[in-house]
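Computed from a predicted structure; not experimentally measured. Below, chains carry the letters A, B, ... as their sequence lines are ordered, and counting in each starts from 1.
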Amino acid sequence: MSQTRVRFAPSPTGYLHVGGARTALFNWLFARKTNGVFVLRIEDTDTLRNDEAMVRGILEGMEWLGLNYDEGPFFQSDNYAHHRAAALQLLESGNAYRDFTPKAERDDATIKQRVAEAAKQERPVNPYRALSRAESDARAAAGEPFVIRFKVPNEGKTQFVDEVFGEQERDFKDIEDLVLLRSDGHPLYNLSVVCDDIEMGITHVIRGQDHLSNTHKQVLLYQALGKPVPKFAHLPLIMAPDKGKLSKRKHGEIVSITTYRDAGFIPDAFLNFLALLGWSPDSTTHGDQEIFSRAELTDIFSLSGIHKANAVFNFTQGDARNWTDQKALWMNAEYIKTIPMETLLPFVKTELQQSSLWRDDYEGEQRAWFEQVLTLLRERARTLKDFTNHGRPYFVGDISFEFDEAAVKKNLQKDPALKDLLPQLATAFAALEDFTHDSIEALLRRIAEERGVKVGLLTNATRTALTGQSVGPGLFSVVEVIGKDRTVARLNHAVQMVA
RNA sequence: GGCGCGUUGGUGUAACUGGUUAACACGCCGCCCUCUCAAGGCGGAGAGCACGGGUUCGAGUCCCGUACGCGCUACCA
């Protein structure tokens with residue numbers, strides 16, 4: 001059997017949409033699973049949005065997700081000549097005809113509506129369909145403008161089997177004579193995809209369900225061109241919570257893949273989440289499993305696991321903490337706390353570098369200490385950003401981190417006794433030989449008992465003094481990694497904040 | 001309007017060729033753990049499978065109809 005060849009064919013919109021990313025992922029998985037070839041082709045047939053900057057966003061998104069392609073990127077516009085040749089071939093073989101109807105006025109703003117209205121009326125038979133070849137040639141030679149239309153048979157129906165949606169059938173009478181070539185000679189989408197897919201030897205067309213209906217037209221084109229029809233697998237769409245279209249205009253940056261990169265997602269985590277949107281593994285072998293490594297996914301991926309109903313990308317607009325699908329957020333947290341330390345480290349390094357918190361000895365002298373801090377922080381991190389937000393106090397030498405107002409009020413200003421408890425703690429810590437978790441705990445508990453206060457008063461006050469926060473890792477561990485010098489300094493500094 | 005596709009808790013999904021109280025994950029609630037917050041452990045609420053018919057001893061699973069949603073219907077892709 002010949003090698004499978006699939007392609008991802010986005011139009012250059014300036015960013016990679018989550019839906020597009022999932023389409024790319026499924027193509028990539030299928031290619032890897034079948035030892036096939038994954039091709040990237042930019043569908044820039046629409047001259048209005050043909051710009052190199054528009055392509056960069058797509059490439060960036062794919063690179064971040066690690067969806068490497070074996071061939072491309074190819075640009076559909078580079079193949080215009082071939083598309084035109086194909087249209088001419090179809091004209092020659094009698095499968096297409098010249099339509100001399102004058103170009104209709106178009107208004108892009110209301111195009112959808114006008115199309116819908118126009119479609120309500122019975123479509124008249126195109127008079128040029130029956131024009132003799134001689135007259136057609138003569139009028140063309142005389143310079144009269146025309147489009148080339150495909151001649152859809154009058155009687156009968158066409159069908160194909162979709163790998164996801166099953167058998168598809170459509171009457172020829174429900175398919176219009178589609179335009180192949182515009183009057184300016186520009187090839188149109190349906191012709192271009194077919195030509196390119198033929199030329200690139202695509203064996204499986206895996207794409208969004210929005211192309212399902214048009215597939216019939218394309219099948220007709222393959223047949224008229226005398227080429228084998230590839231297999232098709234259409235993917236359910238990813239919708240907004242209101243089941244409407246998920247769009248950048250309406251939903252903002254949440255739809256763009258690079259947003260997740262910039263928000264501190266681990267690529268494999270997002271990939272994992274995306275894979276489960278519209279696909280599920282064979283339940284007899286992977287019943288309740290949800291966490292899949294990239295390797296596992298490529299191993300178990302199958303078109304038969306794709307389902308038909310649209311999926312909802314669930315999020316609440318305006319919720320800062322849950323700004324995107326909560327399951328995606330959960331999965332990212334899951335990855336952050338369970339992936340091997342050596343896998344996590346480079347991600348955190350990049351994150352710290354971007355906040356100017358990185359120091360090279362975190363990879364050298366301080367490596368053990370650094371890992372110790374990460375072990376504490378990763379436990380409650382949801383994104384990589386948490387390493388620089390909540391993590392900041394651990395990496396700065398001074399006190400250039402934020403003191404949460406509520407935390408100060410609650411943990412430092414609640415009890416005036418802290419006015420001298422804090423200095424006492426500082427002194428005690430300064431004298432502590434074995435500055436490790438257990439000794440620190442013993443010391444704190446001893447002082448609490450001596451002074452007749454709750455341990456919580458001391459730990460909470462210390463936490464806020466050292467990190468500016470009211471929440472965080474176990475306090476004795478925090479004190480240990482912050483170290484003696486910074487602990488003493490921060491405790492003494494915090495005294496001023498006690499009311 | 002026409003044509004096509006779809007419909008299992010709030011969300012993502014499971015339920016072999018129809019057969020016990022519809023399962024798992026996220027989220028939500030409670031309890032435990034505890035120096036805080038998470039995590040973790042334990043438990044709970046939440047769908048009777050869009051609705052209505054039918055076939056059958058028995059249907060989420062098969063058939064028909066309705067509703068709703070989505071897609072396509074362009075000299076866009």
Side-chain angles (χ1 to χ4, degrees), chain A residues 9-11 13 43-46 48-49 76 99 101 103-104 106 108 111-112 114-123 145-149 162 165-166 168-171 173-176 178-184 186 188-190 192-193 208-217 234 236-237 239 241 243-245 273 276-281 283-284 287-291 307-315 322 325-331 333 337 379-382 390 407 410-411 441 444-445 448 454-460 462-464 469-476 478:
Chain A
S11 51
T13 50
E43 310 238 301
D44 57 346
T45 308
D46 182 353
L48 290 177
R49 43 185 184 201
Q76 192 156 65
D99 178 357
T101 308
K103 188 179 176 183
R106 290 205 316 140
D108 282 334
I111 193 75
K112 279 272 181 199
R114 295 180 66 164
V115 167
E117 268 163 36
K120 282 176 194 169
Q121 275 110 260
E122 184 96 348
R123 204 174 25 248
F146 61 86
V147 300
I148 294 185
R149 278 187 191 275
D162 188 89
F165 289 91
Q168 302 294 310
E169 230 180 49
R170 198 160 183 195
D171 280 342
K173 67 173 169 53
D174 292 321
I175 306 175
E176 61 162 357
L178 59 147
V179 172
L180 267 19
L181 231 52
R182 275 199 233 161
S183 52
D184 61 3
H186 192 100
L188 256 15
Y189 176 71
N190 283 119
S192 294
V193 246
Q209 193 231 42
D210 47 341
H211 292 282
L212 188 61
S213 301
N214 279 331
T215 303
H216 286 106
K217 296 176 184 171
H234 286 88
L237 270 20
M239 316 301 283
K243 298 198 188 334
K245 230 196 201 93
F273 169 74
L276 263 20
L277 231 43
W279 174 83
S280 64
S283 62
T284 61
D288 292 336
Q289 192 179 341
E290 300 241 48
I291 303 291
H307 51 110
K308 301 173 183 167
N310 290 166
V312 169
F313 193 66
N314 194 25
F315 60 94
N322 299 311
D325 194 299
Q326 296 215 58
K327 189 149 184 172
L329 249 11
W330 166 81
M331 201 166 271
K337 67 183 143 212
E379 193 63 33
R380 65 216 73 214
R382 302 220 303 169
H390 305 148
K410 176 163 163 267
N411 294 335
E441 174 166 11
L444 264 156
R445 288 193 187 283
K454 285 185 177 172
V455 179
L457 178 70
L458 262 33
T459 54
N460 288 330
T462 304
R463 174 175 291 105
T464 302
Q469 297 153 21
S470 63
V471 302
L475 192 265
F476 312 124
V478 171

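Taking atom P in both B/G52 and B/C68, one finds a spacing of 16 Å when rounded to whole Å. Spacing of C1' atoms, B/G12 relative to B/C16, comes out at 22 Å, to the nearest Å. Comparing the C1' positions of B/A22 and B/G46 gives a spacing of 13 Å, expressed to the nearest Å. For the C1' atom pair drawn from B/A15 and B/G54, the interatomic distance equals 24 Å after rounding to whole Å. Taking atom C1' in both B/A59 and B/G19, one finds a spacing of 10 Å when rounded to whole Å. Nucleotides B/G41 and B/C24 are separated by 14 Å at their P atoms, to the nearest Å. Going from the C1' atom of B/U7 to that of B/G48 covers 16 Å, rounded to whole Å. Comparing the P positions of B/C3 and B/A74 gives a spacing of 15 Å, expressed to the nearest Å.
In this structure, the CG atom of A/D288 is 7 Å from the P atom of B/A25, given to the nearest Å. Rounded to an integer number of Å, the gap from OH of A/Y189 to P of B/C72 is 11 Å. A straight line from NZ of A/K245 to C1' of B/C72 spans 10 Å, rounded to a whole angstrom. We find that NE2 of A/H216 is positioned 8 Å from C1' of B/G4, with the value rounded to whole Å. Taking atom NZ of A/K308 as the reference point, atom P of B/G69 lies 22 Å away to the nearest angstrom. Separating the CG atom of A/L237 from the C1' atom of B/A77 is a distance of 14 Å, rounded to the nearest angstrom. For the pair A/Q168 CD and B/C3 P, the interatomic distance rounds to 15 Å; values are reported in whole Å. Protein atom NZ of A/K327 is 7 Å distant from nucleotide atom C1' of B/U13, rounded to whole Å.
With A/D44 contributing its side chain and A/Q76 its backbone, the two residues share a donor-acceptor pair below 3.5 Å. The main-chain N or O of A/P236 is never found under 3.5 Å from a side-chain atom of A/N310 such that the two would form a donor-acceptor pair. A distance-only check finds no donor-acceptor pair linking the side chain of A/R182 to the backbone of A/L188 [under 3.5 Å]. Judged by distance alone, the side chain of A/T464 and the main-chain N or O of A/Q469 form a donor-acceptor pair under 3.5 Å. Listed for the A/D171 side chain is no donor-acceptor partner under 3.5 Å among the backbone atoms of A/K173. Here the side chain of A/R463 pairs a donor or acceptor atom with the backbone of A/P473 at under 3.5 angstrom.
Within 4.0 Å of A/V312, counting heavy atoms only, lie sugar-phosphate atoms of the nucleic acid but no base atom. At a threshold of 4.0 angstrom between heavy atoms, the contacts of A/T101 include nucleobase atoms, whether or not backbone atoms are also involved. At a threshold of 4.0 angstrom between heavy atoms, the contacts of A/P236 with the nucleic acid are absent. A/S470 comes within 4.0 angstrom of a nucleotide base, judged by non-hydrogen atoms across all strands. Residue A/L475 is classed as a base contact, given a heavy-atom separation below 4.0 Å to a base. Within the 4.0 angstrom heavy-atom criterion, no nucleotide atom of any strand lies near A/M331. A/G208 comes within contact range of no nucleotide atom at all, as no heavy-atom separation falls under 4.0 Å. Nucleic acid contact for A/K410: none, since no nucleic acid atom lies under 4.0 Å from a heavy atom of the residue. Counting any heavy atom pair closer than 4.0 Å across all strands shown, A/E290 reaches a base atom. Residue-level contact check: A/F476 touches the bases, meaning some heavy atom is under 4.0 Å from a base atom. Nucleic acid contact class of A/E379 (heavy atoms, under 4.0 Å, all strands): base. No engagement by A/R382 is indicated, since no non-hydrogen atom pair under 4.0 Å with the nucleic acid exists. Residue contacts for A/D210: at a heavy-atom cut-off of 4.0 Å it reaches the sugar-phosphate backbone alone, with no base atom in range. Within 4.0 Å (heavy atoms only), A/H211 reaches at least one base atom of the nucleic acid.
Across B/U13, B/G27, B/C5, the shortest atom-to-atom separation from the side chain of A/Q326 is found for B/G27. When each of B/C5, B/C37, B/C75 is scored by its nearest atom to the side-chain atoms of A/V147, the top-ranked nucleotide is B/C75. The side chain of A/R170 approaches B/C3 more closely than any other nucleotide in the set B/C75, B/C3, B/G12. Among the nucleotides B/C75, B/C5, B/U11, the one closest to any side-chain atom of A/K243 is B/U11. Ranking B/C5, B/G69, B/A15 by closeness to the A/S283 side chain, first place goes to B/A15. Among the nucleotides B/U73, B/C70, B/C5, the one closest to the side chain of A/N214 is B/U73.
With a cut-off of 3.5 Å on both pairing distances, B/U17 has no Watson-Crick or G-U wobble partner at all. Base pairing analysis places B/A22 opposite nothing; no Watson-Crick or G-U wobble pair with both distances below 3.5 Å involves it. Remark: B/G40 base-pairs with B/C32; criterion is Watson-Crick or G-U wobble with both hydrogen-bond distances under 3.5 Å. Checking B/G6 for Watson-Crick or G-U wobble geometry (two distances, each under 3.5 Å) identifies B/C68 as its partner. Across all strands shown, B/G58 forms no Watson-Crick or G-U wobble pair with both key distances under 3.5 Å. Shown here, B/C49 forms no base pair; nothing in the strands shown gives a Watson-Crick or G-U wobble contact with both key distances under 3.5 Å. In this structure, B/A74 forms no base pair with any nucleotide, since neither Watson-Crick nor G-U wobble geometry is met with both distances under 3.5 Å.
Remark: the A/K337 side chain and the B/A39 base include no donor-acceptor N/O pair separated by less than 3.5 Å. Taking only distance into account, the side chain of A/R463 meets the base of B/C35 through a donor-acceptor pair shorter than 3.5 Å. Side-chain to base pairing of A/S183 with B/C75: one donor and one acceptor N or O lie within less than 3.5 Å of each other.
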Begin from the C-alpha positions of A/K217 and A/I175 and carry the test side-chain contact (heavy atoms from CB on, under 4.5 Å) through to its verdict.
CA-CA 7 Å; A/K217 296 176 184 171; A/I175 306 175; 3.8 Å; yes

Can you check side-chain contact (heavy atoms from CB on, under 4.5 Å) on A/L475 and A/L444, steps first, answer last?
CA-CA 10 Å; A/L475 192 265; A/L444 264 156; 3.7 Å; yes

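With its glycosidic angle within 90° of 0, B/G48 adopts the syn conformation.
Here the CZ-NE2 distance, from A/R380 to A/H390, works out to 10.5 Å after rounding to the nearest 0.5 Å.
Distances shown here put a side-chain N or O of A/H307 below 4.0 Å from the OP1 or OP2 atom of B/U13. Between A/N314 and the phosphate of B/G10, there is no side-chain N or O to OP1/OP2 separation shorter than 4.0 Å. For the OP1/OP2 pair of B/C76 and a distance below 4.0 Å, the side-chain nitrogens and oxygens of A/R182 include at least one atom meeting the criterion.
Of the two residues near RNA chain B, A/K217 and A/N310, the one whose nearest nucleotide lies more 5' is A/N310. Each of A/T284 and A/P10 was matched to the nucleotide of RNA chain B holding its nearest heavy atom; the match closer to the 5' end belongs to A/T284.
In terms of heavy atoms, A/M239 sits closest to A/K245 at CE-N, 4.2 Å.
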